[in-house]
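This report concerns only the one structure given below.
Quick note: numbers below take in every heavy atom, side chains included, and nothing from hydrogens, waters or symmetry partners. Throughout, protein chains are lettered first and strands after them, A, B, ... in sequence-line order, and every chain is numbered starting at 1.
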Amino acid sequence: MRLLGGYVRRYFLQWLAWRSFALTLVANQAVTPLVGLAVWSTVLPERRLSDYFIALLFVRLLTSSYENHTFSEWVYQGGFCDDLLLPHPPVLVTLGENIAIRIWHIIIGLPIVAAVVLFAPPSLRWQDVALALPAVVLAAAIRFLFTYALALSAFWIERAHSVVGLGSTLIFLLGGEAAPIALLPDAVRPWAEALPFRAMLGFPAEIAAGELNGAAVGMGYLWQVIWLAVMVVAAQAVWRAGIRRYTVVGG
Amino acid sequence: MRLLRILGRVLALSVQRELAHRVNLTISVTMMVIDLAASVATLGLVFTQTATLAGWRPAEALALLGAFQLVTGLLNTFIEPNLAWFAEKVTGGRLDDTLLQPVPSFFMLSLGACQPLALPRVLLGGALLVWATVAGEGVTALGVAGCVALLAAGVVITWAVRVLLATLAFWAPGFEPSVLFSAFWQLGRYPVGVYHPVVRQLLTYVVPVAFVATFPAEALMRGGGGLGLGLGALGAGAALLALGAAGLAWRAGVRRYTGATS
Amino acid sequence: MHSVMVDGLQMAYLVPVKAEGLRAAFRSLWHRAYKRVEAVRSVSFSVAPGEVVGFIGPNGAGKTTTLKILSGVLHPTAGRVEVVGHTPWERRPAYLRQIAMIRGSRPLAAPVELTVQDALRFQQLIYEVPEAQFRRTLGLLVEMLHLEPLLQRQIRALSLGEKMRAGLAWSLVYQPRVLFLDEPTLGLDVTAAQLMRRFVGTYSRETGATVLLTSHYMADVESLCRRILLIDKGHMTYDGDLAGLSARMAPFKLLKVAGGDPGLDWSRFGDVVEQEGGRVSLRVRREAVPAVTARLLAEVASIADLTVTEPPLESVIDQVYREGV
């Protein structure tokens, strides 16, 4: 844990130098929920979807993952073999940078959130927000593991960016960003509720916006826990296979 | 003329380079198709809940998406590879190399490199436009002409605005305008009418994404009765204005970089 | 008649002051401190066509800034510069076609995905070289630089030495009349550096091109430049040949003598720097060298060998950089 703190600190300082790049990332994270806010508020003004999309913006900033930029690039540039020499699991390095970037996202993103709140004052209830907080943490963990597992494809192919991009597209479509899950067509909705994409993004925002009743919240949390377990197992499996390949082929 | 030949050679060399990596090409095109399908699917979702989006019917919104994709493809092919992260090129000495060449630096730095992998998006966008034309009612020849003119104006405006933003690097090397640009650019996929009035003004006059998608699609789908002509004239005027401003800013920036004013 | 003329050159610019520590770094996001750097304070010289001139001086002396001004990338704060009849910073195409800037740190500034051949062809287009002339020049360059095996390779895949060779061809294929070389042998191995030096010498002799080069390797300067300009803290402190600088900085020569009787008192002839076996090194003032040599030969019967050498160049230059001229 101290080690992880050390890495978070180190990358936090390192990203201070790359703040304009961080700003790009945040701006691009923020823009899709805001477009969603604009579009869906135009389509269904009476449903007060602005609460949902503001919550979604916040969740997105807190769960952003760029292992394709950090980890995969590191593999491509050949720096990764240094990580293998470290006397602790190398994933700590990646996780440390992930957390540092998320902290920067919040710092940079707060003014954006504040501006949006000025334009479209939300009516969130604090009980709902409190209820959503554990879901945000779970979502952040699932999202990290998911992106990390996809980014590990760098051990096999040169285009890990595309693999992670594909994952992001699925999260966009089925995670509650293109449209709130409740508005998806009946044929798709049950799937979207169960798949991990909602657990990574839409679910916490739905709780915070007060759109779910008690049973639905419980069900969502259950799905999150299940997916967290699945992702842990999956990421570990991919990691082991990748390391075996890396140490044999030599990257 | 010579500049056109240089541009042609740049493109030919880049295409030649990319064809060597067939796997990358396949993956990029696949990703582009998926991305486009996701955009169309999102539009589909919107129209399951409503008949019109800010007054736009489905075929019209499709035309808008097509125009957006088409210009985005051109932007990513010819402009972004040069001007994204421009500040780094200024501090890293790449600018020096260009200043040493006997070709206008404005031209070489804003169009001297290209990324043909992004070109298929232009075709996909064009296909969407055709689809929308077939699906829409009352598309006239005048509308099509207005749309083409506006698309051309949109491309010029995009180029000019991108140059203007990049030249900021001469005055504030720590500031990277690619940030704002790429984010604002994403707003172009929907009619500017869905946004807050303030944002709408911004998108029309400051980061003129409206000229890239909203106006061409409007001209195409509702271009009868002079609307196309009016919009076309507006676009041409805006394009000239933006280009002039970009040229002036570039010259001032290079003067500053070389120390001519200090 | 001159190829390069520089008169009263001055260049000053503002650089942001980097803050130390996290808090200061945050503060610098809003308030940037600048300080004025006088890179070049007073530099005047002129170079005749076909001359090869070396620019030497410690790091940060203003050498690269001067080269950048001469190549038109920077506009000086004050002073007059004329290179082949042009004012460089007007950057007229007619001027830019006559000069080449070659940097050892980045010898080939073309996209790394291109092959050498494609990069050269692109230069032909940019510099408007007629086809016949292009073929002729390229043929010569390929031969002199042994480029044949490199032409179809990607620039990315070249080693530094190969990159430098390809970069020379890339920069010279339009036959510039003035060459600015900034640390051309940086990082090259002995063989590549020698090839580079020989090539630049031959090229200048055969085409009459004027060459200005900066280098920290005295071997470059020694083998190429009859004339050197020493620049220090933005001032020009010496203009002349290397031997002259050496004479000024080190008013002594070394007399190395082999032979002589074991018990001989050498200090009668000069300061004994080293004495080992039958060999002795004596430090003698330059002007006294003929007389001392004559005395040695007359008074010491058993001399087997006698040589007069300059003190090592590197140590002279080190002294110049540390103490000035």
A/Val35 vs B/Tyr195, side-chain contact (heavy atoms from CB on, under 4.5 Å): CA-CA, chis, key distance, verdict: CA-CA 8 Å; A/Val35 170; B/Tyr195 301 111; 3.9 Å; yes
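- More than 12 heavy atoms of other residues, nucleotides or ligands lie within 6.0 Å of CH2 in A/Trp15, so this atom counts as buried by the packing criterion.
- Residue with the most contacts toward chain A among B/Ile34, B/Val46, B/Thr30: B/Val46 (heavy-atom pairs, distance under 4.5 Å).
- One N or O on the side chain of B/Gln49 and one on the backbone of A/Leu183 form a donor-acceptor pair closer than 3.5 Å.
- B/Ile27 approaches A/Ser162 most closely through the heavy-atom pair CG2-OG, 3.2 Å.
- Annotation: side chain of A/Val43 is not in contact with side chain of B/Phe47 (no heavy-atom distance under 4.5 Å).
- Counting heavy atoms from C-beta on, the side chains of A/Val31 and B/Phe184 never come closer than 4.5 Å.
- In the displayed structure, B/Arg57 atom CZ is contacted under 6.0 Å by at most 12 heavy atoms of other residues, nucleotides or ligands.
- B/Thr42 and A/Phe172 get closest at one heavy-atom pair: OG1-CE2, 3.4 Å.
- Chosen from B/Asp35, B/Val194, B/Thr50, the residue pairing most often with chain A at heavy-atom distances under 4.5 Å is B/Val194.
- The NE2 atom of B/His196 sits 10.5 Å away from the CG atom of A/Leu37 when rounded to the nearest 0.5 Å.
- B/Leu45 places a side-chain heavy atom less than 4.5 Å from the side chain of A/Pro185.
- Chosen from A/Leu34, A/Leu44, A/Thr169, the residue pairing most often with chain B at heavy-atom distances under 4.5 Å is A/Leu44.
- Counting all heavy atoms, side chain and backbone alike, B/Ala41 lies closest to A/Leu173 at CB-CD2, 4.3 Å.
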